[in-house]
Amino acid sequence: MNSAPVAPATASLDDPFYYLTNFRYVVSWVNARHHDLLSATERDAIGHFETLPQASQALLVRMVMRKGELFRLDKLSYAEIGDTEQALVPLVALGWVDRAPQLTSRELFRLLRLSELRQALADEIANAGLARNSTKAALQAAVEEKPLQAPAPLQQWWPAATTQVVRLTVMAFCDRLRLMFFGNLRQDWAEFVLTELGLQRFEQVPLTAESRAFQSREEVTTYLTLHRLRERLDDGELPQTLSTQVLPASSNRWLASRRARLLLTMGREAERGGDSELALTLYADANNSDARIRRLRVLERLGRYSDAYKLTISALDAQPHEGEIQALMRLLPRLARKLGQKVERSDRAEQQAAQALTYVLHLPGPQPVERAVAEALATPTAPVYYVENSLLTGLFGLLFWPVIFKPLPGAFFHPFHSGPADLYREDFVPQRQADINACLAQLDDGRYKETILRTWHAKQGIASPFVHWGIVSEELLALALKCLPPAHLRACFMRLLDDLKHNRAGLPDLIQLMPDAPPREPRYKMIEVKGPGDRLQDNQRRWIDFFCRHSMPVEVCHVRWQPAPEPEEIKKEESKQKKSKQEDAE
DNA sequence: ACCATGCACGCACGG
DNA sequence: CCTTCAAGCG
DNA sequence: CCGTGCGTGCATCGCTTGAAG
Ligand SMILES: [Mn+2]
Ligand SMILES: [Mn+2]
């Protein structure tokens with residue numbers, strides 16, 4: 001394989017220009033791997049950048065790393081750069097910095113502090129009859145109330161201004177660079193620093209020279225466009241305006257699903273604003289499972305039961321995942337009843353198949369419920385751990401480490417991956433089936449224990465989508481391996497692999513480990529704790545159903561707080577569980 | 001694994 | 001005066 | 001009562017600083 005080890009990517013923080021070194025690393029990385037995705041202008045820009053004086057490069061990068069693209073010169077001051085004005089000159093000459101940018105009122109309010117705004121907007125304040133001591137928000141509301149506040153330079157908003165404001169005009173390009181490098185926009189320049197500080201560590205996956213997140217410029221642009229729309233939505237722009245600007249779905253499945261998620265949140269905003277019809281359109285267009293469910297609930301709320309019923313039936317027909325089935329099966333009887341159909345009792349009973357042992361604990365409180373139950377149940381020989389998803393996913397992540405970090409093309413493309421880019425995509429498992437089988441085989445022949453422990457030591461602290469190092473201690477790990485039978489692990493791991501995205505959560509709060517239990521007895525049990533008024537979530541029910549079907553020990557513990565401070569008296573009473581034939585049979 | 005995701009909590013509805 | 005919050009930073 | 005839906009709050013390095021109220 002044409003792979004090279006990843007060179008240490010992050011600059012030492014002893015270097016006063018460490019951030020510039022990091023930025024240049026990204027630029028040259030993109031230049032090397034995404035050259036064909038850059039426009040001629042962008043290639044020129046990179047060339048120009050490299051010829052700039054160091055201070056100017058550094059100032060540019062300082063601005064890029066900060067929030068927004070507008071900066072007050074009195075707030076742009078860096079020891080290692082020295083004279084800001086001087087560093088600015090070449091940037092202004094290239095047109096990368098605008099020395100007298102037009103400012104909207106919003107921008108003005110972000111740049112000036114309240115005392116300055118009171119001076120700048122003295123007339124407006126007087127005209128609007130605002131109190132002298134009104135808040136920034138009130139002032140802003142009053143100013144934005146006025147029709148057509150045209151953007152203007154600072155000097156026009158506030159002739160007496162003593163500071164200047166500049167606009168970095170190349171922020172969009174720098175976002176594009178960052179996007180091409182990381183394959184997302186959630187990671188940023190701080191990634192380098194946090195890594196250098198040792199606050200995060202990443203697996204070193206060998207990358208081929210060709211590995212990259214995007215295959216065409218259009219893909220990058222699509223991502224950026226969707227992202228901008230999302231930002232504007234978060235910024236309060238109306239879904240009615242924004243929805244018209246959403247491009248048709250990309251043929252790239254990843255981008256298509258990002259688009260669907262944008263439409264979903266736009267739909268929610270439309271709903272919040274009372275525009276159900278727009279919401280319905282957006283949900284229909286999005287057509288991912290969340291959007292399908294939302295669409296049905298809107299239709300139900302609007303009383304369009306027949307439409308909803310038909311869509312429910314077709315959704316059930318279109319390979320819904322378990323979580324979607326749960327929601328659909330809750331909807332179906334309601335809709336059927338509204339349509340005058342008879343709903344049989346068995347329909348409902350069927351979906352709640354297995355029922356776990358459920359009981360009530362009366363504990364002194366209130367206090368954190370999971371802690372309280374853990375303490376109440378723990379004994380010296382049977383400790384209780386508050387692990388939620390961390391233990392099972394952790395064991396999974398450790399055993400399947402080489403699967404998760406297998407250097408497949410497209411899965412890893414920069415040095416800061418906590419997991420493969422395709423982890424939650426359809427073909428993650430098939431792409432790695434042989435390796436997965438090899439890991440599963442270790443559960444059959446017993447090698448898994450050693451592998452898991454060895455990996456725990458070898459990969460300690462390295463970011464993984466499944467291993468939360470803070471919770472899976474060596475002690476817990478050793479005990480868990482002693483107590484959880486491999487057959488049970490295998491079943492859980494298969495379920496995880498079945499749908500990593502939806503099955504990685506919902507595991508019970510607590511696990512009690514009983515290493516000294518007699519041979520035939522179970523050596524562990526899982527307990528989902530529910531405080532007063534809490535109830536099982538869908539994903540929790542799915543896991544509990546699964547545990548029951550596979551005869552794995554799981555309980556649901558409801559907590560009631562004792563009114564009187566009588567801490568010694570803990571009552572454990574069996575509550576009548578809704579019986580199901582399955583349960584009694586086993 | 002992204003102002004997100006996973007969890008608990010609290011209120012409202014309708015049966 | 002306090003306290004609270006976001007930004008900047010390494 | 002029950003089962004539902006739905007909105008909310010909480011938490012992500014940890015420190016310093018400046019603005020707001
Ligand atoms: Mn929990
Ligand atoms: Mn719980």
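Proteins get letters first, then strands, A, B, ... in listed order; numbering begins at 1 in each.
- Here the P atom of nucleotide dA19(D) and the CG atom of L139(A) are 17 Å apart, to the nearest Å.
- Regarding L111(A), its CG atom lies at a distance of 16 Å from the C1' atom of dA20(D), rounded to whole Å.
- To the nearest angstrom, P of dC13(D) lies 16 Å from CZ of F416(A).
- Aromatic rings from F400(A) and F396(A) are positioned such that their centres are separated by under 6.0 Å.
- In the model, Q140(A) has no side-chain atom that pairs as donor or acceptor with a side-chain atom of R106(A) under 3.5 Å.
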Give each protein N/O atom lying under 3.5 Å from an N/O atom of nucleotides 4-10 of chain C, with the pair distance.
{"from": "dA7(C)", "atom 1": "OP1", "to": "K67(A)", "atom 2": "NZ", "distance (Å)": "2.8"}
{"from": "dG8(C)", "atom 1": "OP1", "to": "R66(A)", "atom 2": "NE", "distance (Å)": "3.4"}
{"from": "dG8(C)", "atom 1": "OP2", "to": "K67(A)", "atom 2": "N", "distance (Å)": "3.1"}
{"from": "dC9(C)", "atom 1": "OP1", "to": "Y78(A)", "atom 2": "OH", "distance (Å)": "2.9"}
{"from": "dC9(C)", "atom 1": "OP2", "to": "Y78(A)", "atom 2": "OH", "distance (Å)": "3.3"}
{"from": "dG10(C)", "atom 1": "OP1", "to": "R62(A)", "atom 2": "NH2", "distance (Å)": "3.3"}
{"from": "dG10(C)", "atom 1": "OP2", "to": "Y18(A)", "atom 2": "OH", "distance (Å)": "2.1"}
{"from": "dG10(C)", "atom 1": "OP2", "to": "R62(A)", "atom 2": "NH1", "distance (Å)": "3.2"}
{"from": "dG10(C)", "atom 1": "O5'", "to": "Y18(A)", "atom 2": "OH", "distance (Å)": "3.3"}

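- Ring geometry for W401(A) versus W469(A): interplanar angle of 30 to 60°, hence tilted.
- Remark: the R297(A) side chain and the Y283(A) side chain contain no N/O donor-acceptor pair separated by less than 3.5 Å.
- Using a 4.0 Å heavy-atom criterion, one finds that R268(A) contacts no nucleic acid atom at all.
- When each of R230(A) and A463(A) is assigned the nucleotide of DNA chain B bearing its nearest heavy atom, the one mapping closer to the 5' terminus is A463(A).
- dA6(C) and dC3(B) are spaced 14 Å apart, taking the P atom of each and rounding to whole Å.
- The existence of a salt bridge linking E300(A) and R295(A) is excluded, since no basic side-chain nitrogen approaches an acidic carboxylate oxygen closer than 4.0 Å.
- You'll find the side chain of N288(A) reaches within 4.5 Å of the side chain of R261(A), heavy atoms only.
- What separates CG of D188(A) from P of dC13(D) is a distance of 13 Å, to the nearest Å.
- Annotation for W254(A) and A213(A): closest pair CZ3-O, 4.3 Å, computed over non-hydrogen atoms.
- Between the side chains of R72(A) and Q164(A), no donor N or O sits under 3.5 Å from an acceptor N or O.
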Notebook entry, point to check: In B/S/- notation, 5' to 3', how is nucleotides 5-15 of chain B contacted by protein heavy atoms closer than 4.0 Å?
Noted result: -SBBSBB----
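- At whole-Å resolution of the value, CD in Q326(A) and P in dG3(D) are 15 Å apart.
- Put simply, R113(A) has no side-chain N or O that comes within less than 4.0 Å of OP1 or OP2 on dA20(D).
- By the rule that a glycosidic angle within 90° of 0 means syn, dT12(D) counts as syn.
- Taking atom CD of E196(A) as the reference point, atom C1' of dG14(D) lies 17 Å away to the nearest angstrom.
- For the pair L332(A) CG and dT4(D) P, the interatomic distance rounds to 13 Å; values are reported in whole Å.
- Looking at DNA chain B, the stems built from 3 or more consecutive Watson-Crick or G-U wobble pairs, each pair with its key distances under 3.5 Å, are B:5-15 with D:1-11.
- Spacing between dT12(D) and dC5(C) at atom P, rounded to whole Å, works out to 15 Å.
- The aromatic rings of Y19(A) and F17(A) are tilted relative to each other, their planes meeting at an angle between 30° and 60°.
- Remark: C1' of dG7(D) and CZ of R272(A) are 10 Å apart, rounded to the nearest angstrom.
- The C1' atoms of dC13(D) and dC1(C) are separated by 31 Å, rounded to the nearest whole Å.
- Between F192(A) and F416(A), a ring centre-to-centre spacing shorter than 6.0 Å is recorded.
- Checked against the 6.0 Å centroid threshold, W189(A) and F182(A) do not count as a close aromatic pair.
- In this structure, R301(A) pairs ionically with E271(A), as a charged nitrogen and a carboxylate oxygen lie closer than 4.0 Å.
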